[in-house]
Protein chains: 2
Amino acid sequence: MLSSNTEDYLKAIYELLEDSGRVTTSALAERLTVAPASVTEMVQKLARMQPALVDYERHRGVALTEAGRKIALEVIRHHRLIELYLAEALGYGWHEVHAEAERLEHVISEEFEDKIAAVLGQPAHDPHGDPIPTREGEVAEPCRRALSQVTAGETVRVARVRDEDPAFLTHLTELGLVLRAPLRVTRAPEGGPLSVEVAGSTRELERAITDHVFVEAVGV
Amino acid sequence: MLSSNTEDYLKAIYELLEDSGRVTTSALAERLTVAPASVTEMVQKLARMQPALVDYERHRGVALTEAGRKIALEVIRHHRLIELYLAEALGYGWHEVHAEAERLEHVISEEFEDKIAAVLGQPAHDPHGDPIPTREGEVAEPCRRALSQVTAGETVRVARVRDEDPAFLTHLTELGLVLRAPLRVTRAPEGGPLSVEVAGSTRELERAITDHVFVEAVGV
DNA sequence: CTTGACTTTTCGGCTTACCTAAAATATACT
DNA sequence: AGTATATTTTAGGTAAGCCGAAAAGTCAAG
């Protein structure tokens with residue numbers, strides 16, 4: 001059996017790779033709020049395991065092996081299913097689910113996983129729009145089109161939000177930028193703040209927001 | 001914040017006290033499946049904490065302080081609420097709930113606790129008939145009348161089962177001895193096996209069973 | 001009241017995961 | 001290319017919990 005800790009490292013490595021393409025010691029240290037030295041140590045251990053869970057060469061960053069990726073995806077499946085379950089079955093808001101799921105993900109059984117997946121109807125996405133991996137370790141591509149890249153005149157829909165910070169998510173909710181909300185971009189000046197029509201009113205949205213909200217074409 | 005470990009020790013101390021009256025180092029070691037030496041060490045630590053969670057003098061056994069009891073009851077509340085939630089909301093059998101709850105109890109938030117308690121309608125008993133402590137740390141007396149002590153001719157109802165062993169619980173289910181099942185004792189020879197009429201058929205039940213099934217008068 | 005059996009505690013050691021400080025390596029700039 | 005800056009790794013240490021073996025303490029039976 002793997003420790004919660006090992007699972008957290010693998011998940012963090014997967015997620016860093018997913019949304020920044022590279023996994024450095026310091027990035028991992030920051031995400032896990034531990035000292036860089038601790039990361040080096042732990043990563044070396046993961047690389048020495050049988051089977052190895054990461055590929056690692058000093059000063060060269062880290063990557064998941066197939067075995068490591070499999071485990072990461074299983075933990076992520078737990079996390080996202082739990083988030084959705086908390087939202088759907090227990091009335092949690094999308095800003096509250098992350099912290100709770102973060103702890104539950106390490107302790108639920110496969111049976112629990114199966115039962116909530118069944119209750120939820122084998123869902124494909126969590127409350128933030130992230131794809132839920134299958135039991136077999138397959139994941140759909142997450143939506144990658146940032147709102148900041150939409151051109152004026154287009155009508156789209158919120159498909160995913162990157163950033164689990166409760167304050168940020170609460171703020172988005174106040175703006176009407178909730179999952180699946182339709183919106184129309186009215187002005188999109190070069191590099192400047194977008195004007196967006198959402199939930200009946202028009203807002204100016206800064207980069208801090210539009211870079212973290214991903215959208216898909218309406219009707220998909 | 002207390003470690004899961006600390007919580008497990010406090011819970012075990014509470015439960016041993018509850019159903020055998022005395023808490024020895026070796027009993028605790030057996031229940032927690034650790035070496036006696038480890039128990040001694042840990043108990044000393046609990047006694048040194050600020051505030052102290054247990055009263056302890058060498059060779060004299062251990063007892064909970066008010067602070068320790070409070071924590072034990074909170075963990076037990078978590079455990080029993082989770083057990084009931086798994087049974088009611090996710091269709092777990094009463095033989096499956098214990099193992100899952102054992103892990104979940106340490107990681108859920110107060111919010112989670114409140115939400116499932118609300119969904120369940122502030123329940124008073126878990127799937128084994130054990131009373132669920134309140135948020136404030138009060139517990140009802142568990143039912144203490146063993147089936148083995150019922151006299152012939154009496155009609156009673158299963159109110160509680162002591163023993164979380166899945167095989168034992170499955171066996172009880174097969175016998176029709178489920179929670180709240182009404183039953184009638186037809187013969188109760190001195191110290192011998194009871195004859196019991198339950199779910200339409202009559203069975204002979206050995207001591208191993210009748211000592212672990214507790215009953216209450218029908219109509220309560 | 002002494003002895004032998006059992007229980008409990010102490011002792012020295014292990015593992016996991018963390019830390020800080022110092023050393024090694026990499027990168028970036030002139 | 002050579003040096004300053006930044007990142008990463010090594011080294012030495014700490015805290016929780018666990019262990020087995022040996023010492024200490026308890027208690028019942030003779």
Side-chain angles (χ1 to χ4, degrees), chain A residues 1-13 16-17 20-64 67-68 71-72 75 102-103 105-107, chain B residues 1-13 16-17 20-64 67-68 71-72 75 102-103 105-107:
Chain A
M1 231 307 163
L2 298 170
S3 69
S4 294
N5 228 297
T6 301
E7 293 184 348
D8 276 335
Y9 272 85
L10 294 173
K11 186 172 61 135
I13 293 167
L16 280 179
L17 210 63
S20 76
R22 210 157 134 269
V23 187
T24 64
T25 300
S26 47
L28 214 36
E30 187 179 349
R31 169 164 300 222
L32 296 167
T33 52
V34 296
S38 307
V39 170
T40 299
E41 235 181 19
M42 187 67 180
V43 158
Q44 289 171 337
K45 205 175 73 173
L46 296 176
R48 269 186 272 108
M49 281 185 166
Q50 278 305 324
L53 303 181
V54 301
D55 285 328
Y56 167 76
E57 261 178 295
R58 37 215 256 318
H59 294 282
R60 202 140 297 192
V62 64
L64 293 173
I71 293 161
V75 177
E102 200 65 19
R103 298 185 309 271
E105 64 188 6
H106 303 296
V107 304
Chain B
M1 229 304 160
L2 297 169
S3 68
S4 294
N5 228 297
T6 301
E7 293 184 347
D8 276 335
Y9 271 86
L10 294 173
K11 187 172 61 136
I13 293 167
L16 280 179
L17 210 63
S20 75
R22 210 159 132 267
V23 186
T24 64
T25 300
S26 47
L28 213 37
E30 187 179 349
R31 168 162 303 220
L32 296 166
T33 51
V34 296
S38 308
V39 170
T40 299
E41 232 180 25
M42 187 67 180
V43 158
Q44 290 171 339
K45 204 176 74 174
L46 295 175
R48 267 185 273 109
M49 280 182 165
Q50 276 307 325
L53 302 182
V54 301
D55 285 327
Y56 166 76
E57 261 179 293
R58 35 213 255 322
H59 293 282
R60 203 139 297 192
V62 65
L64 293 173
I71 293 162
V75 178
E102 200 66 17
R103 298 185 309 269
E105 64 188 4
H106 304 296
V107 302

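Keep in mind that the numbers below use all heavy atoms, side chains included, and drop hydrogens, waters and symmetry copies. In what follows, chains carry the letters A, B, and so on, assigned in the order in which the sequence lines appear, proteins first and then strands, with residues in each chain numbered from 1.
Checking the phosphate oxygens (OP1, OP2) of C/dT9, a side-chain nitrogen or oxygen of B/Thr40 falls inside 4.0 Å. Residue A/Tyr56 places none of its side-chain N or O atoms closer than 4.0 Å to OP1 or OP2 of D/dT8. Note on A/Gln44: every side-chain N or O is 4.0 Å or more away from OP1 and OP2 of D/dT8. Checking the phosphate oxygens (OP1, OP2) of C/dC18, a side-chain nitrogen or oxygen of A/Tyr9 falls inside 4.0 Å.
The nearest pair of heavy atoms linking B/Ala29 to B/Ala35 is CB-C, 4.1 Å. A pairwise comparison of heavy atoms in A/Asn5 and A/Met42 identifies C-CE, 4.3 Å as the closest pair. In terms of heavy atoms, A/Val107 sits closest to B/Arg103 at O-NE, 2.6 Å. Nearest heavy-atom pair across B/Ala67 and B/Leu53 is CB-CD2, 4.0 Å. Closest non-hydrogen pair, B/Val23 versus B/Ile13, comes out as CG2-O, 3.7 Å.
A straight line from CZ of A/Arg22 to P of D/dT7 spans 11 Å, rounded to a whole angstrom. Atom CE in A/Met1 sits about 16 Å away from atom P in C/dT16, given to the nearest Å. Taking atom CD of B/Glu57 as the reference point, atom C1' of D/dG25 lies 14 Å away to the nearest angstrom. Separating the CG atom of A/Asn5 from the C1' atom of C/dT15 is a distance of 13 Å, rounded to the nearest angstrom. Across the protein-nucleic acid pair, B/Met49 atom CE and D/dG17 atom C1' stand 12 Å apart, rounded to whole Å. Remark: P of D/dG17 and CG of B/Leu10 are 11 Å apart, rounded to the nearest angstrom. For the pair B/Asp8 CG and D/dA16 C1', the computed distance is 14 Å after rounding to whole Å. The distance from atom CZ of B/Arg58 to atom P of D/dA24 is 11 Å, rounded to the nearest whole Å.
Here the side chains of B/Leu46 and B/Leu10 are in contact, with some heavy-atom distance below 4.5 Å. Side chains of A/Val54 and A/Met49 form no contact here, defined as non-hydrogen atoms less than 4.5 Å apart. Looking at A/Val34 and A/Tyr9, their side chains come closer than 4.5 Å, going by heavy atoms from C-beta outward. Side-chain atoms of B/Glu105 and B/Lys11, non-hydrogen and from C-beta on, do get closer than 4.5 Å to each other. Looking at heavy atoms from C-beta onward, A/Thr25 lies out of side-chain contact with A/Tyr56 at the 4.5 angstrom threshold.
If you check D/dG17, C/dT8, D/dT8 against the side chain of A/His59, the one that comes closest is D/dT8. Relative to the side chain of A/Ala37, the nucleotides D/dG17, D/dG20, D/dT9 differ in distance, and D/dT9 lies closest.
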Query raised in the report: Going through the distances and angles, do B/Arg58 and B/Thr40 end up as a side-chain contact (heavy atoms from CB on, under 4.5 Å)?
Result: CA-CA 9 Å; B/Arg58 35 213 255 322; B/Thr40 299; over 6 Å; no

Just the table, please: protein N/O against nucleotides 3-5 of chain C N/O, every pair under 3.5 Å.
none

Would you tabulate the pairs of protein nitrogen or oxygen atoms and nucleotide nitrogen or oxygen atoms of nucleotides 3-6 of chain D closer than 3.5 angstrom?
none

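At a non-hydrogen distance threshold of 4.0 Å, A/Thr24, A/Thr25, A/Ser26 from residues 23-35 of chain A come into contact with DNA chain D.
Within the 4.0 angstrom heavy-atom criterion, base atoms lie near B/Glu41.
Between B/Lys45 atom NZ and B/Thr6 atom OG1 the span is 5.5 Å, to the nearest 0.5 Å.
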